[in-house]
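For reference, the structure is listed below as structure tokens.
Owing to the predicted nature of the structure, the values given are computational and were not obtained by experimental measurement. Numbers here are sequence positions counted from 1. Quick note: numbers below take in every heavy atom, side chains included, and nothing from hydrogens, waters or symmetry partners. Every number for a ligand or one of its atoms is a count from 1 in the order of the listing.
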Amino acid sequence: MRVVLLGAPGAGKGTIAKLLAEFDGSVPISTGDILRSAVKEGTDLGKKAKEFMDSGDLVPDSLIMEIMEARLRKPDCRKGFILDGFPRTIFQARELKNLLAKLSVKLDFTANLEAPRDIILDRLTTRRTCCNPDCQAIYNIKNNPPQEDGACKLCHHQTMQRDDETEEAIANRLEIYHQKTAPLIGYYEKEGLLKNFLSLVADDTVSEIKKAISA
Ligand code: AMP
């Protein structure tokens with residue numbers, strides 16, 4: 001499948017991308033995961049991105065397009081991809097369209113994940129993420145906790161609260177989402193590519209998306 005997951009921070013994009021990838025071997029690609037790995041590894045990209053990320057601001061479009069052009073050209077993407085957290089601005093959406101035309105591939109659709117604000121806030125404050133850059137598994141201390149000692153069930157590294165999950169950074173991320181990313185809903189609607197999905201229980205949302213892919 002070739003799908004863009006759209007939705008506010010905490011709408012469930014990361015969890016759903018990983019579950020959908022198990023369905024047909026499409027690769028889940030999260031710009032947030034790529035950037036967090038770069039920050040951890042202290043690369044040039046990480047140094048440039050860190051300040052924006054910690055405050056919940058968007059990393060400049062030019063850096064994001066460089067990363068995504070390189071990533072989408074990798075051979076594993078031929079099986080399909082699930083984009084989580086990209087595009088996040090109208091500029092990125094237009095550039096993605098150009099890039100996919102160059103690669104001669106088409107999106108199946110953009111899945112817009114909808115969840116009420118109180119659920120989103122609760123998910124963001126109770127989320128824990130594996131600190132291993134190659135894993136970054138997502139947990140939730142209420143309904144999907146890591147091991148009792150706080151370690152990741154998959155790779156046994158510690159899980160942690162992300163630097164951008166402070167109350168202040170969360171408020172900023174939601175504000176930026178409404179200003180810069182929510183307009184993509186209208187953009188993809190005009191392109192005839194938008195499908196809306198309620199994102200309350202991940203397994204249910206994944207089934208609905210799979211149905212839409214197979215239809
Ligand atoms: P996420 O894990 O998707 O919530 O992303 C975490 C942070 O990485 C965001 O708050 C931004 O600072 C940065 N980021 C991720 N994807 C993008 C993108 N497509 N454009 C700009 N910044 C991004």
Side-chain angles (χ1 to χ4, degrees), residues 3-18 20-21 27-41 43-72 81-100 107 110-113 115 120-140 159-185 187-188 199:
V3 170
V4 167
L5 297 182
L6 200 59
K13 300 185 297 294
T15 305
I16 287 168
K18 286 174 183 147
L20 278 175
V27 278
I29 302 175
S30 154
T31 37
D33 283 356
I34 295 172
L35 292 166
R36 276 186 291 280
S37 294
V39 169
K40 257 213 137 153
E41 285 157 15
T43 64
D44 271 358
L45 168 67
K47 284 179 198 145
K48 285 182 197 152
K50 184 171 178 8
E51 219 175 290
F52 297 102
M53 295 175 74
D54 284 351
S55 55
D57 289 328
L58 292 185
V59 172
D61 285 335
S62 54
L63 276 183
I64 298 290
M65 288 317 305
E66 233 175 85
I67 299 171
M68 285 309 289
E69 171 137 19
R71 184 64 190 89
L72 286 170
F81 48 77
I82 302 148
L83 302 183
D84 154 18
F86 170 84
R88 244 173 162 108
T89 61
I90 295 280
F91 178 86
Q92 291 177 17
R94 291 196 178 122
E95 290 291 299
L96 173 63
K97 187 177 176 184
N98 295 337
L99 176 57
L100 294 181
L107 287 179
T110 293
N112 180 37
L113 305 182
I120 281 183
L121 287 175
D122 189 58
R123 278 183 189 155
L124 289 172
T125 48
T126 54
R127 176 154 72 187
R128 296 293 180 273
T129 306
C130 174
C131 68
N132 172 4
D134 296 326
C135 177
Q136 304 200 39
I138 301 166
Y139 295 93
N140 180 290
T159 59
M160 55 167 191
Q161 200 159 13
R162 284 167 34 177
D163 289 339
D164 62 0
E165 282 168 351
T166 62
E167 231 172 86
E168 201 184 342
I170 288 172
N172 192 31
R173 283 162 67 205
L174 290 173
E175 178 59 32
I176 295 216
Y177 166 77
H178 287 293
Q179 272 176 26
K180 307 228 166 117
T181 309
L184 292 183
I185 298 172
Y187 172 87
Y188 280 115
S199 182

Just wondering, more than 12 heavy atoms not from Lys18 lying within 6.0 Å of its NZ?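 Atom NZ in Lys18 is packed in, count exceeds 12.
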
Decide side chain to side chain contact (heavy atoms under 4.5 Å, CB included) for Val59 and Leu45; before the verdict, give the C-alpha distance in whole Å, the side-chain angles of both, and the deciding distance to 0.1 Å. CA-CA 10 Å; Val59 172; Leu45 168 67; 5.6 Å; no

Glu41 meets the side-chain contact (heavy atoms from CB on, under 4.5 Å) criterion, sequence neighbours left out, with Ser37, Thr43, Pro133

Looking at residues at least two apart in the chain, or sitting in another chain, which of them share a side-chain contact (heavy atoms from CB on, under 4.5 Å) with Ile120?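 Ile120 satisfies side-chain contact (heavy atoms from CB on, under 4.5 Å) with Ala8, Ala115, Leu124, Leu174 once adjacent residues are dropped.
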
Spatial distance of atom SG (Cys131) from atom CD (Gln161) [nearest 0.5 Å]: 13.5 Å

Got a sec, which residues hit salt bridge (charged side-chain N to carboxylate O under 4.0 Å, His left out) with Glu69, two or more places apart in sequence or on another chain? Arg73, Lys102

Shell of residues surrounding ligand 1, defined by a 4.0 angstrom heavy-atom cut-off that is strict: Thr31, Gly32, Leu35, Arg36, Met53, Asp57, Leu58, Val59, Ile64, Gly85, Phe86, Arg88, Gln92, Arg162, Asp164, Arg173

